[in-house]
Amino acid sequence: MRGGRRLFPLLLLALLPGLCHGRESAPGAVTCGSVLKLLNTRHSVRLHSHEVKYGSGSGQQSVTGVEASDDANSYWRIRGKSDSSCQRGTPVKCGQAIRLTHVNTGKNLHTHHFPSPLSNNQEVSAFGDDGEGDDLDVWIVQCSGTFWEREDAVRFKHVGTEVFLSITGEQYGHPIRGQREVHGMPAANHHNYWKAMEGVFIKPSLDPAKHDEL
């Protein structure tokens with residue numbers, strides 16, 4: 001599950017030359033093009049994916065929650081509903097439609113009307129190739145201010161099926177023992193809050209030499 005760890009330093013080098021371009025000033029905001037980990041604040045696990053497919057439901061690439069903070073398969077890139085709708089370095093607004101692309105496999109966070117394997121909620125998978133999937137890859141960032149601030153706990157509501165990205169604690173056995181099921185739930189509750197954690201945040205600055213690493 002950690003075989004992709006060596007790829008992340010290369011990703012950082014690729015990002016550094018063009019770290020800016022946002023015109024709106026929101027220095028504490030999560031920005032388009034940033035690469036980060038997302039922590040479920042209720043269960044203290046990070047959103048994760050890997051080249052392990054579900055054995056039931058859609059059979060697509062599985063999405064789980066992991067406790068480890070240093071797993072390279074927990075990095076996601078923030079993208080817009082379309083590439084033109086989320087320019088690199090632009091702060092993500094509350095209510096904005098985004099895609100979350102898994103860095104090491106190039107698949108998008110996705111959900112659809114399949115039951116999740118453990119809780120029988122709605123299955124969440126990773127889908128597509130090289131960042132291109134379909135309309136079921138789009139999520140709305142729900143937060144209380146103008147922008148998605150790094151310190152805020154936010155929700156992700158799926159545009160197509162109106163469920164919230166959630167974890168309720170169910171754990172898998174072999175071959176991903178101890179990892180938590182990630183699923184979609186119809187109600188907003190304390191199981192579907194997420195916070196931006198480690199990553200490379202592209203600043204909304206006109207100075208291409210500036211970047212911020214957490």
Near-ring test W148/F156, centroid separation under 6.0 angstrom: yes
Side-chain H-bond candidate by donor/acceptor type, H110 with D137, under 3.5 Å: yes
Looking only at side-chain N and O atoms, does N192 offer a donor or acceptor that is under 3.5 Å from a partner on R155? yes
Between S44 and E67, do the side chains contain a donor N or O and an acceptor N or O under 3.5 Å apart? no
Do V124 and V66 share a hydrophobic cluster, counting only Ile, Leu, Val, Met, Phe, Trp and Tyr and linking them when any side-chain heavy atoms are less than 4.5 Å apart? no
Over all atoms of both residues, closest heavy-atom pair of K195 and R150: CG-O, 3.7 Å
Between H48 and H102, how do the two ring planes meet: parallel, tilted or perpendicular, split at 30° and 60°? perpendicular
Using side chain to side chain donor-acceptor pair (under 3.5 Å) as the criterion, list what pairs up with S116, not counting sequence neighbours. S119, E181
Does the ring centre of H43 sit less than 6.0 Å away from the ring centre of H191? yes
Using a side-chain heavy atom cutoff under 4.5 Å and only I, L, V, M, F, W and Y, what cluster partners does V138 have? I140, V159
Tell me the closest heavy-atom pair linking S69 and R46, and the distance in Å. CB-CZ, 3.6 Å
Can you confirm whether Q171 is buried at CD, in the sense that more than 12 heavy atoms of other residues, nucleotides or ligands lie under 6.0 Å from that atom? yes
